[in-house]
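What follows is a short report on a single structure.
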Amino acid sequence: MVLRRPHELLFPLGGVGMLHYRAYLLDENRHVISAANLYCADEQAAKERAQQLVDANDVELWQLDRRIAVFKSHPRPSSDY
């Protein structure tokens, strides 16, 4: 059994002092379809990382029970075939 120090459980990549955020990808009905754990130095860095996740789905950035930002998806042009 491997014993881990408390900060290794919170910051598995060694980011001592990093803050934990979650980015949620939402479907068209605003239901969560996936989530990503983000470990960032500050809120601005978390916003930048969450915005990189936006594609066809909106992304909400949260820290604990506080919603920080919503990033809207880029509408795709419809194709007429």
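Throughout, residue positions are numbered sequentially from 1 according to the sequence presented. Every value quoted in this text rests on a predicted model; they were computed, and no experiment measured them. Note: hydrogens, waters and symmetry copies are ignored here, and every other heavy atom, side chains too, is used.
When only modelled atom types and interatomic distance are considered, D58 and S73 share a side-chain donor-acceptor pair under 3.5 Å. Between the side chains of R66 and Q63, at least one donor-acceptor pair of N or O atoms lies under 3.5 Å.
Remark: E48 pairs with no residue by the salt bridge (Lys or Arg N to Asp or Glu O under 4.0 Å) rule, at least two apart or across chains.
Residues L53 and I33 are members of one and the same hydrophobic cluster, defined by side-chain heavy-atom contacts under 4.5 angstrom among Ile, Leu, Val, Met, Phe, Trp and Tyr.
Looking at Y21, its side chain never comes within 3.5 Å of a backbone N or O of Y39 through a donor-acceptor pair. Remark: the backbone N or O of N29 is paired with a side-chain donor or acceptor of D27 at under 3.5 angstrom.
In this structure, the side chains of H20 and N37 come closer than 4.5 Å at one or more pairs of heavy atoms.
Here the CZ atom belonging to R22 is positioned 13.0 Å from the CD1 atom belonging to I68, to the nearest 0.5 angstrom.
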Are V59 and Q51 close enough, and set up right, to give a side chain to side chain contact (heavy atoms under 4.5 Å, CB included), and what steps lead you there?
CA-CA 7 Å; V59 174; Q51 191 157 25; over 6 Å; no
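For L38 against A23, the heavy-atom pair with the smallest separation is CD1-CB, 4.0 Å. Taking each heavy atom of C40 and A46 in turn, the nearest pair found is SG-CA, 3.5 Å. Here the closest non-hydrogen pair linking V32 and L26 is CG2-CD2, 3.8 Å. L19 approaches A41 most closely through the heavy-atom pair CD1-O, 3.9 Å.
With L61 as the partner, the side-chain contact (heavy atoms from CB on, under 4.5 Å) test is satisfied by one option alone out of K47, R67, R49: K47.
Ion pairing between a basic and an acidic side chain is recognised when a charged N comes within 4.0 Å of a carboxylate O; R30 and E60 show such pairing.
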